[in-house]
Amino acid sequence: MEYKQIIRGYYDDNGDVRGIDILNDIPLTKEFFKSRPDMKQRVEKAINTKTYLAAYERGTRLGYKFISKDEHMKKTPIANTKVELKKSYKQIKSPKDFFIDDLKWKFLLRNIVKGKNIMMTGPSGCGKTDATFKAANALNREVIYFNLGATQDPRSTLIGNTHYNKDSGTYFSESLFVNAIQQENTVILLDELSRAHPEAWNILMTVLDPIQRYLRLDEKDNSPTIKVANGVSFIATANIGMEYTATRVIDRAILDRFSLIEMEPLSQENEYTLLKGKFPSIDEKLLSNLCAIVEGIRKEINSDAPRLSTMISTRNTIEIASLLDEGYNLDNAAQLLIYPLFPNDGNDSERVFIKQLIQKYVIKSNNEDLFDITELEN
């Protein structure tokens, strides 16, 4: 018999029933037992009989039995596999062409291996989506991508549609998401979760819950319940901040279903290393000046009284570097890809500040500009 949960119960300092799902490393809180008095009664019996409470699949619901500690230790096939995976993911180094804090990289791998949910937050273009694909690839896991920010009909995307055929009548067609959650050890990327419609969050509540892990197909006959397969990990990306005007404040109940990983812009040194690896033919001084400009903009954003409202992302920086690699000079690249990001509404505008910053690093050349563009005003 394969167990879905093995709960070790105990009394806290106040004498209240508590528990830990030792199979999935999930604590059972006071709020959980308030909402599930039946579970509180079972766990309390397990405490008093010095046993563990084990849950197993029984049809569409879970069945429960009390097992001894020795019996728990004998349930080794899945547990041993998990131990081996825990050891192996710690040996995986982050890719050479991608920079991420080592602790965050290990935590990302660990949560994927254990089938846990992760939300990656940070400014646009800082590598949230890329990190997901890199980590999944390192673990030989398939990534199934869903852009929730572009979803107009959440129920159609996450559940499915009802169709009519003149020969067979009305029938229900399951969504790609329904098929995805039934594939074991799959990484499901929920991109732009902060831009999703609140109805999508409501549908995902039971799917993302570490205990429930199911999706109900309300549109289908008899409303069947689809269980999330073993080893499936949900990774969401979100932009959080005032500059992201199309985003929504994410419901706290959704946030509680994720472990958070904050992605930050690269340091000047790491950004230079990344760009030099991608564009080795760019002059070192020119590339260094580009990285210094980007770092100056980011420092201004993080100052006590910032004069700028947005920063240059690593995605933007790579695009700028590609222009430099093709022969554009720094003036040209700035006019095309940096200045349009900042408003130009007067002598004290953000555009004027950016021009002044960039002019400190512009390399003067006796050659004419690539497209004979007039030199920027000081």
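Being a predicted model, the structure only gives us computed values, none of them experimental.
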Same apolar cluster: V17 and Y64, side chain cutoff 4.5 Å: yes
Just to verify, what does E57 make a side chain to side chain contact (heavy atoms under 4.5 Å, CB included) with, not counting sequence neighbours? K4, L62, K227
If you define the side chain from C-beta out and look only at heavy atoms, does anything of L190 sit under 4.5 Å from L204? yes
Just checking L176: does its CG atom have more than 12 heavy atoms from other residues, nucleotides or ligands closer to it than 6.0 angstrom? no
Picking from N332, N316, T317, L323, what satisfies side chain to side chain contact (heavy atoms under 4.5 Å, CB included) with L337? L323
Can you find a heavy atom in the side chain of I144 that is under 4.5 Å from one in the side chain of Q183? yes
Tell me whether Q212 at atom CD has more than 12 heavy atoms from other residues, nucleotides or ligands lying less than 6.0 Å away. yes
Could you check whether any side-chain heavy atom of M39 comes within less than 4.5 Å of a side-chain heavy atom of I7, counting everything from C-beta outward? yes
Check side-chain hydrogen bond (donor to acceptor under 3.5 Å, both in side chains) between T51 and all other residues, then give those that pass, not counting sequence neighbours. T49
Cluster question for you: counting only ILVMFWY and a side-chain heavy-atom cut-off of under 4.5 Å, with indirect links fine, are I320 and I318 together? yes
Crowding at CG, N302 (>12 non-hydrogen neighbours, <6.0 Å): yes
Restricting to non-hydrogen atoms, name the atom on Q268 and the atom on S288 that form the minimum distance, rounded to 0.1 Å. NE2-O, 4.4 Å
Do D325 and S281 get their side chains close enough for a donor-acceptor pair, meaning under 3.5 Å? yes
Can a donor-acceptor pair be found between the side chains of N111 and S233 at a distance below 3.5 Å? no
Residues L275, I282; criterion side-chain contact (heavy atoms from CB on, under 4.5 Å); working and verdict: CA-CA 9 Å; L275 296 178; I282 298 180; over 6 Å; no
Is any side-chain heavy atom of R213 closer than 4.5 Å to one of V232? yes
Minimum-distance pair of heavy atoms, taken over all atoms of P340 and A334: CD-O, 4.2 Å
Report yes or no: do I358 and Y361 belong to one cluster of Ile/Leu/Val/Met/Phe/Trp/Tyr joined by side chain heavy-atom distances under 4.5 Å? yes
Non-hydrogen side-chain atoms of I203 and L215 separated by less than 4.5 Å: yes
Answer with yes or no whether the hydrophobic clustering places F107 together with V143; edges join I, L, V, M, F, W, Y residues whose side-chain heavy atoms lie under 4.5 Å apart. yes
Contact between I254 and L193 at the side-chain level, heavy atoms closer than 4.5 Å - yes or no? yes
Listed by chain and number, what are the ring pair (Phe, Tyr, Trp, His ring centres under 6.0 Å) partners of F146, not counting sequence neighbours? F177
Interatomic distance, I297 atom CD1 to L357 atom CG [nearest 0.5 angstrom]: 5.5 Å
Is any side-chain heavy atom of D153 closer than 4.5 Å to one of H197? no
Determine whether K276 and E284 satisfy the following criterion, side-chain contact (heavy atoms from CB on, under 4.5 Å), listing intermediate values before the conclusion. CA-CA 8 Å; K276 192 60 181 175; E284 287 83 356; 3.4 Å; yes
Indicate if Y339 and I293 have the same hydrophobic cluster label, given that clusters are the connected sets of ILVMFWY residues with side-chain heavy-atom separations under 4.5 angstrom. yes
Evaluate I235 against I112 for side-chain contact (heavy atoms from CB on, under 4.5 Å), listing each step before the verdict. CA-CA 9 Å; I235 300 183; I112 292 176; 3.8 Å; yes
Would you say that T132 contacts I118 through its side chain, given a criterion of any heavy-atom pair below 4.5 Å between the two side chains? no
Nearest non-hydrogen partners of A131 and M120, listed with the distance: CB-CE, 3.8 Å
Here the gap from I159 atom CD1 to E199 atom CD, rounded to the nearest 0.5 Å, amounts to 7.5 Å
Only counting residues at least two apart or in another chain, list the ones meeting salt bridge (charged side-chain N to carboxylate O under 4.0 Å, His left out) with R216. none
Which residues pass the side chain to side chain contact (heavy atoms under 4.5 Å, CB included) test with E350, sequence neighbours left out? L308, S309, F342, P343
What is the distance from atom CZ of F279 to atom CG of L324, rounded to the nearest 0.5 Å? 9.0 Å
L108 side, atom CG; K134 side, atom NZ - distance, nearest 0.5 Å: 13.0 Å
Drop me the distance from K40's NZ to R18's CZ, to the nearest 0.5 angstrom. 8.5 Å
Hey, mind stepping through S349 and N344 against side-chain contact (heavy atoms from CB on, under 4.5 Å) and telling me if it holds? CA-CA 5 Å; S349 67; N344 185 19; 3.5 Å; yes
Please find the pair of heavy atoms, one from G122 and one from K128, that lie closest to each other, and give the distance. O-NZ, 3.2 Å
Straight-line distance of L217 CG to E174 CD, nearest 0.5 Å: 5.5 Å
Among residues at least two apart in sequence or on other chains, which ones pass side chain to side chain contact (heavy atoms under 4.5 Å, CB included) with N48? Y11, E44
Is the positively charged end of R307 above the ring of F353, judged by distance under 6.0 angstrom from the centroid and angle within 45° of the axis? no
Quick check: closest heavy atoms across R141 and G231, and the distance to 0.1 Å? NH1-O, 3.7 Å
Indicate the atoms forming the closest heavy-atom contact of W105 with A138, along with that distance. CZ2-CB, 4.1 Å
